[in-house]
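First comes the structure, then the notes that go with it.
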Amino acid sequence: MNRFAALLDRLAYEPRRNGKVRLIADYFHHTPDPERGWALAALTGSLSFRNAKPGLIRQLIGERTDPVLFALSYDYVGDLSETVALMWPAPHGLNDTEPPPLSAIVHALTHMGRAEMPAVLASLLDRLDETGRWALLKLITGGLRIGVSARLAKTAVAALGERAPDEIELVWPGLAAPYEELFAWAEGRGPKPETEDPAPFRPVMLSHPLEDADFDKLDPAAFRAEWKWDGIRVQAARAAGLEGRHVTRLYSRTGEDISGAFPDLAEAFAFDGVVDGELLILREGRVQSFNVLQQRLNRKVVSPRLLMEFPAHIRAYDLLVEGGEDLRELPFEARRARLEALIAAHPTEGRLDLSPLVPFATWDQLAAARADPAAHGAGEDAEAVEGVMLKRVDSLYLPGRPKGPWWKWKRDPHSVDAVLMYAQRGHGKRSSYYSDYTFGVWTEAGELVPVGKAYFGFTDAELVEIDRFVRRHTVNRFGPVREVVHTPTEGLVLEVAFEGLARSTRHRSGLAMRFPRIARLRWDKPPGEADRLETLERMIGDESHAPRRAKAVLGKQPSPAGEM
Amino acid sequence: MRPEELLHTTPQGLYSPAGDFFIDPTRPVARALVTHGHSDHARAGHGAVLAMAQTLDIMAIRYGEGFAGTTQAAAYGARVEVNGVGVTFHPAGHILGSAQIALDWRGCTIVASGDYKPGADPTAAPFAPVRCHVFISEATFGLPVFRHPVPADEIAKLTSSLALFPERAHLVGAYALGKAQRVMALLRTAGHDRPILLHGAMERLTDYYRTQGIDLGETRPAREATAAERAGAVVLCPPGALNDVWSRRFPDPVTAFASGWMRIRARARQNGVELPLILSDHADWDELQAAIRATGCEEVWVTHGQEDALVHWATQEGLRARPLHMVGYGEEEGEGAAPEPPVSPTNPEAAP
């Protein structure tokens, strides 16, 4: 447990992705089975203990410490697990002996009954040091919150040998802790683990952004175009399981199983195969904005009401497997024909449809379609189009991001001129630079109100310039944050590009920006001439159709109780 | 007799009406007794200063030779009288030359301990408890969440990170006086034998430690090091320099900070620290209690830090206890979390 705790401790402070991968890989390399397998399970969020919950922790510490001192300490530290880990009155001498290994701890927490759990947990806490207690309590409270995704942990497994992270993803769904055969394979000591999952994740194929200079080199006749939908890339897989029962799974583009959040989609899937497509919310046949989709994504509990108000839908653009046949080595055109036929043969109550092709003969024609999707076949769904995708007719379905076969050509982003208000230092290589910027626009009353935060988009040279500006024009400090001068005559105007705007109750401006980044520094512009909040409000009015009321979707009469 | 006749608080700090002197005054006074050389305790401009010889040396290095009208060197355990009040300096274990000051007058003994730590430190004379009626204690880490780990284990975190990231410089934020030299001494004990690179602010004090017989191995000014020498090197700098333009000369460094505050994760993260080293020159919760008990005192006065918790504990132990609500300590150098140096608009690159 000490090694695992030390790993979590280091990870919690390591800001770099590559640094995290190295720390985890180093741990896997030096830790024997099955210990490292249980660590992998913890890092990928695969552990849960029914009888060990946060309430028990409060009860245990309450029995052992002075309430005044606990209250003062908790107030000071601000985190329950950490306070308890630090305050726990461990009897002297016990933690001089090696504490139980992680595997034994996981076993105890999994199998102990509710009645025995307090004593088991207390004796574990007695035998661990502060870091060990903190790690144990993090395991119990769930959500390690150390900035490590399941994907990152799998990347670290891949880093043990010659495997690519996508190969790990491919075999992952059929595996269970402590993953001994996975480690053996990754280290080149054993055969590839046989996946028992009938509907595993297939690593997705990604595209490159298209630059103006690329057009000269590309032949329009070699490509097909589709709308690029502003939803979430998903993979739906259905296959016959061991006892003839069909298994349906929905994966995110990184291979995370998100089936649980979309039971409505899983039920609607009526054929065996693997479809690549975009997850969208449709109401009355119309695609809703990304903001509406987000309202469904952010829910923890998938209630029947949520399913009705935010009906999920897949707009399919590729077919990887049909029946038991792997189509990934067929050219795009052949896969597309199979996909069209399959969808035509399986009506799915509107839950699955085909992403149409966008006809074009020249790049100019495609540019026109991209600029005005509504007039080029996207119709009322045009507002959910964020550009076009270009796919070579002969492209095989290759995992990763091969350069050449697929391109994305996004619509030009929106932009506003905003005033820099606060700056915060970045991480890693940027740790000495003020590189996270909060910017605002003017209200009618002549006040600046923050509308967003951006931390990229600028060049290294621009970063140095902004950093110098921040250091020389600081008017206030709040920990790592500096407030910089922002009056109508003094300050820095930033041209901020973004993908979309949504109403938000969490921001003082009432707006939330999607994907904001710094497009240009406007040293030439006095802050007083930056944009106004009304301008942004109008952009909302232009770009998103207001979400419809649930009652309209359900076809019910309005009732006072239904007003929200 | 009330102890307050011997010592009580004033806006300038602790004052002895019986002996007409201050202890660690925060503003210039006629006569000052100084416990140790950290700048929140040892200030320039007093008429007369009585302190350990090493503390006087440190004040001269920092403020120049004329930092006080007259100076008088004390020695551990040697009692002197100041206007009829007995004054004895005892080791406090905080930094080189640090002392507790015991006052005795008309049968009453008060110990002003300044900053202290009972734990081992190769760069300071070990803390010695002194029997007294009133013990004046700091409470920088006066909460039961503060139990300092074994220093060698913290240094091992640094050496294992050096092994894992041999191409990256390891910037270690440490206070220029005391902590920096302790980190060096601990690294040498752990077998680290490469030259340690120093920020300009710690060169003179480090040289001074050497003159006092403390072996710190080879050190070099960081500004003179080549790129190859910086790779995988330990670089000591004041905490404020970690996020300052000074740190930019090191490509992709690992940022470490040696301080008792690193016990609290949020503190470390707020300072952008990737490798927190929990190394403190102050007593932790258990040590505060042990130190107070060892004095056999009847009364505890708590100067600065987490007074509420320590007073609560002492009261439950049956001691009379009260906070002194003193301001101006623990803010500058004691162990404050990475104060930033003021920004100079004309020359931000002026850091040494």
Side-chain angles (χ1 to χ4, degrees), chain A residues 6 9-16 18-19 22-23 25-27 65-66 68-79 81-90 92 129-131 134 146 424-434 464 467-468 470-474 477 479-482, chain B residues 142-150 153 156-157 160-161 163-165 168 171 241-256 262-276 278 285-286 306 308-310 312-313 316 337-338 340 342-346 348-349:
Chain A
D9 192 47
R10 253 339 274 277
L11 287 172
Y13 294 112
E14 173 58 61
R16 300 164 183 78
N18 286 342
R22 244 160 105 176
L23 286 168
D26 183 65
Y27 168 86
T65 53
D66 178 301
V68 174
L69 293 178
F70 177 74
L72 286 168
S73 298
Y74 187 25
D75 183 55
Y76 187 85
V77 176
D79 177 279
S81 294
E82 191 175 343
T83 310
V84 173
L86 294 175
M87 269 191 89
W88 187 265
H92 282 283
D129 66 6
E130 285 88 350
T131 309
W134 170 77
I146 50 167
Q424 188 170 352
R425 281 193 300 264
H427 287 294
K429 287 183 186 179
R430 289 175 169 182
S431 63
S432 76
Y433 291 94
Y434 286 88
V464 172
D467 179 77
R468 191 177 307 134
V470 171
R471 288 175 187 273
R472 292 184 183 181
H473 296 89
T474 300
R477 291 164 198 215
V481 177
R482 288 196 182 190
Chain B
L143 278 174
V145 292
F146 291 109
R147 290 195 173 84
H148 304 325
V150 179
D153 292 350
K157 284 193 208 165
S160 65
S161 178
L164 188 60
F165 300 106
R168 295 168 70 188
L171 295 190
L242 284 178
N243 296 306
D244 195 44
V245 286
W246 178 84
S247 69
R248 286 184 197 161
R249 67 191 73 198
F250 305 96
D252 196 24
V254 173
T255 308
M262 293 298 105
R263 181 48 104 186
I264 307 298
R265 283 160 196 284
R267 283 273 190 144
R269 280 199 292 262
Q270 279 158 11
N271 288 286
V273 174
E274 297 152 53
L275 184 63
I278 309 165
W285 178 248
D286 293 335
Q306 304 297 320
D308 294 350
L310 194 60
H312 175 80
W313 167 82
Q316 291 201 323
E340 278 193 72
V343 180
S344 149
T346 48
E349 313 286 332

Note: B/Ser161 and B/Val254 closest approach over all heavy atoms is OG-CG1, 4.2 Å
Assert top hit (heavy-atom pairs under 4.5 Å, partner chain A, pool B/Ala268, B/Pro251, B/Pro276) equals B/Pro276
If one checks every heavy atom of A/Asp79 against chain B at 4.5 Å, the contacting part turns out to be neither
Bottom line for B/Phe165: the part with an atom under 4.5 Å from chain A's heavy atoms is both
In short, A/Tyr13 meets B/Val273 closest at the heavy-atom pair CD2-O, 3.7 Å
Residues at least two apart in sequence or cross-chain that pass salt bridge (charged side-chain N to carboxylate O under 4.0 Å, His left out) with B/Arg263, listed by chain then number, are A/Glu130
Hits for salt bridge (charged side-chain N to carboxylate O under 4.0 Å, His left out) against A/Asp9, two or more places apart or cross-chain, chain-then-number order -> B/Arg265
Pair count under 4.5 Å, heavy atoms only, with chain B: among A/Val84, A/Asp66, A/Thr131, A/Val77, highest is A/Asp66
